[in-house]
A.B. asks: 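Could you have a look at this structure, given as structure tokens, before my questions?
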Amino acid sequence: MISISSTRVPLIPPEDIPLEDKKENEFGQLTSEEYLYQSKSRDGKALQDPILDAPAYHVSLITYLNYLILIILGHIHDFLGLTFQKEKHKDIMEQDGLAPWFSTFESFYVRRLKQRIDDCFSRPTTGVPGRFIRCLDRVSHNLNDYFTYPGTTSMCLNLSSYNYLGFAQSEGQCTTAALEATDKYGVYSGGPRTRIGTTDLHVMTEKYVAQFVGKEDAILFSMGYGTNANFFNSFLDSKCLVISDSLNHTSIRTGVRLSGAAVKTFKHNDMRALEKLIREQIVQGQSKTHRPWKKIIICVEGLYSMEGTMANLPKLVELKKKYKCYLFVDEAHSIGAMGPSGRGVCDFFGIPCSDIDIMMGTLTKSFGAAGGYIAADKWIIDRFRLDLTTPHYGEPTPAPVLAQIASSLKTITGDINPGEGQERLQRIAFNARYLRLALQRLGFIVYGIADSPVIPMLLYAPSKMPAFSRMMLQRKIAVVVVAYPATPLIESRVRFCVSAALTKEDIDYLLQHINEVGDKLFLKVSSGKAGGSLDGKPPRWNIDEVIKRTPTDCKDDSFFRI
Amino acid sequence: MIDSVNVPEVLPSSIPVPSAVISSASYLWFYFITFFKLIPGAHYVIDYVEKSHQDDPYRTFVEVLLILYSIVYFLSKPKKKGAVDQPKLSEKEIDNLIEEWEPEPIVVPDERNEWRLAKIPVIEGSGADNVINITRDNGKEAYASAFNLCSFNFLQLSKHPRVVEIAKEIIKNYGVGSCGPAGFYGNEDVHYNLEYDLASFFGTENSVLYGQDFCVSSSVIPAFTKRGDVIVADDKISVSSQNALQLSRSTVYYYKHNDMASLENLLHELDEAEKKEKLPAIPRKFIVTEGIFHRTGEIAPLPELVQLKRKYKYRLFIDETFSIGVLGATGRGLTEYYNINRATSIDITVGSLATAIGSSGGFVLGDNVMVRHQRIGSNAYCFSASLPPYAVRTASTVLQMMDEDNSSVTKLRYLSNKLHEWFQTDTELLRYIEVTSHRDSSVLHFQLTDAQRQQKFGSSIESVFQESQYQQQHCISDHFVESWEKEEIFLQAIVDTVLIDGNILISRDTIVLKQETLPVTPNISICCNSSMEESQLLDAYNVIRIAIIKHCSEA
Ligand SMILES: Cc1ncc(COP(=O)(O)O)c(C=O)c1O
């Protein structure tokens with residue numbers, strides 16, 4: 001072991017523990033058949049309008065004050081720094097005729113606000129990001145200016161990784177498949193897809209993915225972000241219109257910008273606003289010439305990763321058909337994680353896949369692999385194979401990743417280890433519902449729909465973010481906190497990503513600590529109108545009561561707004 | 001009661017106005033005044049109006065007009081510009097318009113270029129091997145044990161058993177995916193260590209990893225540029241840099257490919273223009289070019305670029321996707337090739353882990369300040385999961401092997417030189433083709449000579465570009481340039497002959513014309529790698545040569 005502290009992240013040797021323990025650390029054994037929940041298809045039923053709980057006024061007021069103080073302090077800091085400590089602020093000053101890399105104003109938020117809590121981000125880890133994640137210990141110096149690493153690690157309960165179905169494992173059929181692929185194909189493919197990068201493994205995996213999502217054909221990419229960012233320019237131009245949900249992922253926005261298409265956004269999940277916008281746009285046409293748009297494409301995400309909300313697919317399909325628009329759904333977080341058989345939004349809502357024109361998704365999340373896919377009818381995919389840039393200029397998906405994708409898909413569908421896939425799906429459904437209802441009963445404000453494995457819990461004041469994150473780390477729980485600009489200014493939150501790898505007891509442990517920390521940080525501010533309350537009063541259940549009653553209650557739809 | 005009040009005479013009696021109008025107007029006026037006087041302070045207003053009216057009756061008139069005008073002005077303001085001349089449509093009319101609207105299909109199929117699909121080789125096994133089994137056209141054609149001259153895995157180090165063992169070891173301990181973006185527990189110890197390894201191998205302060213090579217440039221440049229910044233770029237940069245410039249929001253200028261006089265002129269002009277403008281702050285300025293050009297295989301003249309960037313205060317951005325691992329005695333790229341210090345000459349280096357290094361992903365090299373900003377400002381870094389740990393460790397191991405032993409780099413250079421020498425001294429071949437790549441490039445690019453192109457297809461690079469650009473600007477959905485297509489089909493015929501007659505796989509450079517915003521030429525590229533034998537390459541050269549001559553001398 002490394003004895004002296006280093007400013008560099010050390011390479012940590014694997015833990016020397018028995019195989020059984022290792023497996024258990026990556027994917028906890030199911031402790032009781034009771035802790036499963038088979039989610040049901042909605043048979044085409046649209047979602048109700050969500051009820052958003054808002055905290056009392058004083059919470060918002062304190063949050064604004066909190067920002068105000070941080071900003072004023074930051075400006076004083078900047079002023080003093082730029083006057084007296086020129087050496088330290090070289091990065092925001094002109095230097096021998098070169099403009100600074102970034103302006104003082106633009107970087108203010110990062111330098112003066114984010115840096116204060118940098119110890120809550122980019123925590124180095126090692127090993128498998130499964131049920132537990134091994135975080136490297138680090139010591140912050142000079143207000144997070146730099147860190148030192150003593151070389152020790154802490155095993156933390158993992159509520160942070162996008163490991164929805166628990167396929168982040170280094171044991172089992174997927175690992176075996178990945179290892180075999182490494183032997184047979186090596187770690188590298190040769191060059192772009194249309195040149196030399198297409199192997200039989202690509203063709204096969206694309207077939208599986210297409211089958212799984214219910215489309216005729218699919219095309220794979222080595223990066224999910226890149227899939228979107230270099231997608232829209234292949235079929236859109238400035239005479240086309242993209243109607244985009246206001247909370248769409250950056251990759252979609254970048255891709256659309258690159259295509260040059262006109263963009264209009266509608267308020268997140270507001271279907272009335274969407275319909276109004278479509279009508280207006282068909283009538284008005286292109287902005288200057290008022291000629292009709294060549295085509296209109298509606299872009300939404302299946303499951304929104306910061307909100308836990310879902311696209312209201314039945315309504316979207318109805319609108320898209322009525323107005324002859326096309327529908328693009330990014331299933332980055334919903335594929336694998338949602339629906340009775342894990343096939344994403346269509347499965348969840350019980351809507352035929354043919355109603356979505358283009359289904360995009362990433363393989364980074366539920367499948368424990370990497371990359372993204374685009375699935376559609378064969379004639380459309382054939383065109384994309386010719387017109388997309390990535391297959392011509394970029395690298396292909398490497399073989400071990402393909403093997404991981406194929407084997408995890410087959411596990412979900414039951415082609416390998418029948419029953420295992422079903423168990424994983426039922427576990428994540430149970431875990432998600434249990435944690436959500438329990439948090440609501442304890443009095444926290446959480447966003448999103450009942451079955452979402454992404455559970456954002458509101459913290460509001462920015463200073464509660466680092467407090468929460470650090471206190472949880474002390475309790476050996478790894479969580480992700482997010483704030484502006486990823487969320488609205490006052491809605492700082494912690495995001496729990498539930499995994500099938502967690503056991504019910506893990507969630508009990510988590511709840512006990514959230515309960516304790518929540519009391520200390522005054523986070524229990526819900527009014528109960530969005531759920532958790534039985535009598536209409538603000539719910540503030542006792543933790544023992546929650547743990548006793550919620551596991552059975554959470555299977556009952558009447559406790560949720562469905 | 002009314003009699004006792006002095007009803008003002010609002011209208012002259014001479015105009016014949018119905019008395020009802022006069023009396024109702026008078027009543028209105030009366031009640032208005034009565035109520036108005038009830039408002040506290042109203043008498044000041046009335047006094048003022050009366051007094052000014054006494055002084056100058058026209059003034060009241062003008063003031064009333066002014067007030068009316070300002071009311072009209074304020075009421076009209078909230079209307080949006082576009083909506084001003086928008087006729088008000090009834091719901092029915094809107095429904096009709098919607099009914100009438102016929103959108104284009106989501107993509108427009110076009111048989112004229114679909115032949116390409118059937119030409120994509122599907123490899124059984126790894127495309128990085130020298131001898132491969134391939135099928136094409138849905139399995140209709142099959143070729144066993146073809147010699148592979150297409151792979152970008154130039155050094156072949158990632159096929160070394162030592163590397164494969166490490167990759168497997170990592171999969172056994174880390175799994176495959178990293179399941180999270182860098183900011184949220186996705187960067188593992190191995191990722192940090194590859195960043196250290198890259199920085200120390202290339203002699204820069206720091207480095208950043210990205211999930212895919214093609215996304216790097218288009219994420220890095222826009223992270224630093226905004227409106228008003230200036231980018232001066234070579235006019236033969238590849239699509240990934242073209243995308244970057246398009247997303248950069250900056251003002252982009254192009255200089256003639258690798259022409260330093262053209263660059264200097266441009267920089268000088270821009271400098272003069274800037275001096276005249278007296279901007280409040282100097283804008284960020286970048287020169288964007290490539291180490292070995294993706295498209296042509298030429299090498300950028302780094303010493304001159306560095307001199308110019310210093311003289312005119314620019315930052316230098318170089319895409320070294322094809323030069324890292326290839327140029328320089330130990331494969332450290334363009335800077336080693338010219339014997340220049342990377343840290344003080346190139347501000348942003350972009351490289352690929354998927355070419356010579358033979359793993360996957362991309363990276364950026366540079367100083368701490370730049371790197372730190374990327375970790376929060378670069379979209380493809382912040383909003384994407386980090387690379388699979390095994391790919392990262394593989395790259396670290398390859399770097400270590402390159403450091404220990406440069407024999408594969410040396411061998412690669414030897415073979416590249418040989419290959420170029422054969423082609424470039426073949427006078428018969430040179431009647432038809434032009435080899436554009438530099439002899440040290442491990443990819444040999446050749447294209448038809450201008451005369452051949454003119455003779456065979458009646459086109460030139462410019463004419464193709466103009467036509468393509470016209471169609472792009474007019475948003476033609478089925479973008480298609482006939483002479484380009486014919487030339488590509490012609491080159492594909494050469495590729496096919498080489499494959500059928502010699503069982504050797506070479507490839508057209510894969511180009512999507514409708515995505516190119518700069519002039520581009522169809523060309524064929526031949527890649528060598530360090531595990532090939534000279535004799536094998538020589539045999540291949542002979543087959544290719546015969547195929548070229550056969551096709552070019554026809555007709
Ligand atoms: C909606 C959405 N699309 C795309 C991506 C990018 O995927 P990847 O991490 O595989 O690059 C993400 C990841 O966070 C996402 O949330």
Side-chain angles (χ1 to χ4, degrees), chain A residues 9 11-12 14 91 97-99 101-102 110 121-122 125-126 128-129 160-163 168-170 178-179 182 185-191 194-196 198-200 222-223 225-226 235 237 239 250 282-283 292 294-295 324 326 357 364 368-370 380 383 389 392-395 398 404 480, chain B residues 94 97-98 101 103-104 106-107 109 116 120 122-124 126-128 150-153 158-159 167-168 171-177 179-180 183-185 188-189 192-193 211-215 239 243 282 284 313 354 358 360 369-370 373 376 379-380 383-385 388 394 475 507 510 512 515:
Chain A
V9 179
L11 270 179
I12 303 293
D91 48 345
L98 288 176
W101 280 106
F102 38 85
V110 169
F121 301 107
S122 299
T125 63
T126 182
V128 177
S160 61
S161 297
Y162 304 134
N163 177 28
Q169 282 174 298
S170 65
L179 291 172
T182 313
Y185 296 87
V187 291
Y188 176 63
S189 319
T194 49
R195 183 184 176 88
I196 186 81
T198 307
T199 65
D200 47 347
S222 72
M223 183 197 200
Y225 175 93
F235 69 110
D237 53 46
K239 293 186 179 169
T250 319
I282 295 182
V283 172
K294 270 179 24 181
K295 50 195 160 197
K324 292 174 274 186
Y326 301 110
D357 298 276
T364 325
I380 301 178
R383 201 62 229 164
T389 42
H392 290 79
Y393 307 98
E395 54 173 308
Q404 169 85 21
V480 165
Chain B
I94 292 177
L97 275 175
I98 290 168
W101 180 58
E104 260 188 17
I106 193 156
V107 292
R116 285 184 170 82
I120 300 173
V122 177
I123 295 99
E124 275 165 38
S126 166
C150 290
S151 159
F152 290 155
N153 194 355
S158 61
K159 286 172 62 189
K168 286 169 68 178
I171 293 177
K172 280 185 216 159
N173 286 308
Y174 289 73
V176 175
C179 286
F184 300 148
Y185 305 85
E188 307 207 30
D189 52 348
Y192 284 93
N193 278 276
Q212 187 186 59
D213 52 7
F214 186 63
C215 283
V239 170
N243 287 349
I282 35 177
R284 275 173 284 272
K313 309 290 180 201
S360 37
V369 176
M370 190 230 8
H373 183 62
I376 29 180
N379 289 341
F383 298 102
S384 177
T394 306
C475 302
S507 173
T510 48
V512 192
Q515 308 273 15

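All chains are named by letter (A, B, ...) in the order of the sequence lines, taking the proteins before the strands, and each is independently numbered beginning at 1.
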A.B. asks: So which atom in Gly358(B) and which in Val187(A) form the shortest heavy-atom distance, rounded to 0.1 Å?
C.D. replies: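 Minimum heavy-atom contact is O-CG2, 3.9 Å.
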
A.B. asks: Mind checking the CD1-CD1 spacing from Ile380(A) to Ile106(B)? Nearest 0.5 Å is all I need.
C.D. replies: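 The CD1 atom of Ile106(B) is 5.5 Å from CD1 of Ile380(A), to the nearest 0.5 Å.
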
A.B. asks: Tell me if a side-chain donor or acceptor on Lys324(A) pairs with a main-chain N or O of Ile98(B) at a distance below 3.5 Å.
C.D. replies: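 Yes.
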
A.B. asks: In Å and rounded to the nearest 0.5 Å, what is the OG1 to CD1 distance from Thr198(A) to Ile123(B)?
C.D. replies: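 One gets 6.5 Å once the value is rounded to the nearest 0.5 Å.
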
A.B. asks: Taking the inter-plane angle between the rings of Phe121(A) and Phe184(B) on a 0 to 90° scale, is it parallel (under 30°), tilted (30 to 60°) or perpendicular (over 60°)?
C.D. replies: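 Tilted.
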
A.B. asks: Quick check on Lys159(B) against chain A: is it the side chain, the backbone, both or neither that has a heavy atom closer than 4.5 Å?
C.D. replies: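 Neither part.
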
A.B. asks: Looking only at atom types and distance, does a side-chain atom of Asp200(A) sit under 3.5 Å from a main-chain N or O of Val122(B), one as donor and one as acceptor?
C.D. replies: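 Checking the backbone N and O of Val122(B) against the side chain of Asp200(A), no donor-acceptor pair under 3.5 Å is found.
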
A.B. asks: Atom NE2 in His392(A), atom CD1 in Ile120(B): separation rounded to 0.5 Å?
C.D. replies: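 With rounding to 0.5 Å, NE2 (His392(A)) is 6.5 Å from CD1 (Ile120(B)).
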
A.B. asks: Please report the shortest heavy-atom distance between Pro103(B) and Lys295(A), naming the atom on each side.
C.D. replies: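 So the two residues come closest at CB-CA, 4.3 Å.
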
A.B. asks: Let me know if Pro109(B) has heavy atoms under 4.5 Å from chain A in its side chain, its backbone, both or neither.
C.D. replies: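 Contact with chain A: backbone and side chain both.
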
A.B. asks: Rounded at 0.5 Å granularity, tell me how far CG in Asp189(B) sits from CD1 in Ile12(A).
C.D. replies: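 With rounding to 0.5 Å, CG (Asp189(B)) is 6.0 Å from CD1 (Ile12(A)).
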
A.B. asks: Would you compute the distance between atom OG1 of Thr126(A) and atom CD of Glu188(B) and round it to the nearest 0.5 angstrom?
C.D. replies: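 Separation between the atoms: 6.0 Å.
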
A.B. asks: Are side-chain heavy atoms of His373(B) and Trp101(A) found at a separation under 4.5 Å?
C.D. replies: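 Answer no - side chains too far apart.
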
A.B. asks: What's the shortest heavy-atom distance between Pro129(A) and Tyr174(B), and which atoms?
C.D. replies: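 In terms of heavy atoms, the two residues are closest at CD-O, 4.1 Å.
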
A.B. asks: Non-hydrogen atoms of chain A under 4.5 Å away: do they reach the side chain of Ala380(B), the backbone, both or neither?
C.D. replies: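 Both backbone and side chain.
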
A.B. asks: If you tally heavy-atom pairs under 4.5 Å against chain A, which of Asn153(B), Leu97(B), Val107(B), Thr394(B) wins?
C.D. replies: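 Of the candidates given, the most pairs with chain A belong to Val107(B).
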
A.B. asks: What heavy-atom pair brings Ser384(B) and Met223(A) nearest, and what distance separates the two atoms?
C.D. replies: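 Looking at all heavy atoms of both residues, the closest pair is OG-CE, 3.4 Å.
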
A.B. asks: Heavy atoms only: give me the nearest Ser151(B)-Ile196(A) pair and the separation to one decimal.
C.D. replies: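 Of all heavy-atom pairs spanning Ser151(B) and Ile196(A), the closest is CA-CG2, 4.3 Å.
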
A.B. asks: Side chain of Asn173(B), backbone of Pro14(A): donor and acceptor closer than 3.5 Å?
C.D. replies: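 No, because the side chain of Asn173(B) does not come within donor-acceptor range (under 3.5 Å) of the backbone of Pro14(A).
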
A.B. asks: What's the shortest heavy-atom distance between Val128(A) and Gly175(B), and which atoms?
C.D. replies: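 So the two residues come closest at CG2-N, 3.8 Å.
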
A.B. asks: Let me know if Val239(B) has heavy atoms under 4.5 Å from chain A in its side chain, its backbone, both or neither.
C.D. replies: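 Answer is side chain: those atoms of Val239(B) sit under 4.5 Å from chain A.
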
A.B. asks: Heavy-atom distance under 4.5 Å to chain B: side chain of Ser222(A), backbone, both or neither?
C.D. replies: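 Answer is both: backbone and side chain atoms of Ser222(A) are under 4.5 Å from chain B.
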
A.B. asks: Checking Gln169(A) against chain B: side chain, backbone, both or neither under 4.5 Å from a heavy atom?
C.D. replies: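 For Gln169(A), the contact with chain B is made by the backbone alone.
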
A.B. asks: Report yes if some heavy atom in the side chain of Val512(B) is under 4.5 Å from a heavy atom in the side chain of Tyr393(A); otherwise report no.
C.D. replies: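 Sidechains of Tyr393(A) and Val512(B): in contact.
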
A.B. asks: Using heavy-atom distances under 4.5 Å, tell me whether Glu104(B) contacts chain A through its side chain, its backbone, both, or neither.
C.D. replies: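 For Glu104(B), the contact with chain A is made by backbone and side chain together.
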
A.B. asks: From Asn379(B) CG over to Tyr225(A) OH, what is the distance, rounded to the nearest 0.5 angstrom?
C.D. replies: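 Asn379(B) atom CG to Tyr225(A) atom OH measures 4.0 Å (nearest 0.5 Å).
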
A.B. asks: Quick one: of Gly211(B), Cys475(B), Ala128(B), Cys215(B), who has the most non-hydrogen atom pairs under 4.5 Å with chain A?
C.D. replies: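 Maximum pair count with chain A is reached by Cys475(B).
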
A.B. asks: Pick from Thr364(A), Asn163(A), Leu179(A), Thr182(A): which one has the most heavy-atom pairs with chain B under 4.5 Å?
C.D. replies: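 It is Leu179(A).
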
A.B. asks: Quick one: does any side-chain atom of Arg195(A) pair with a main-chain N or O of Cys150(B) as donor and acceptor, under 3.5 Å?
C.D. replies: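 Here the side-chain-to-backbone pair exists.
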
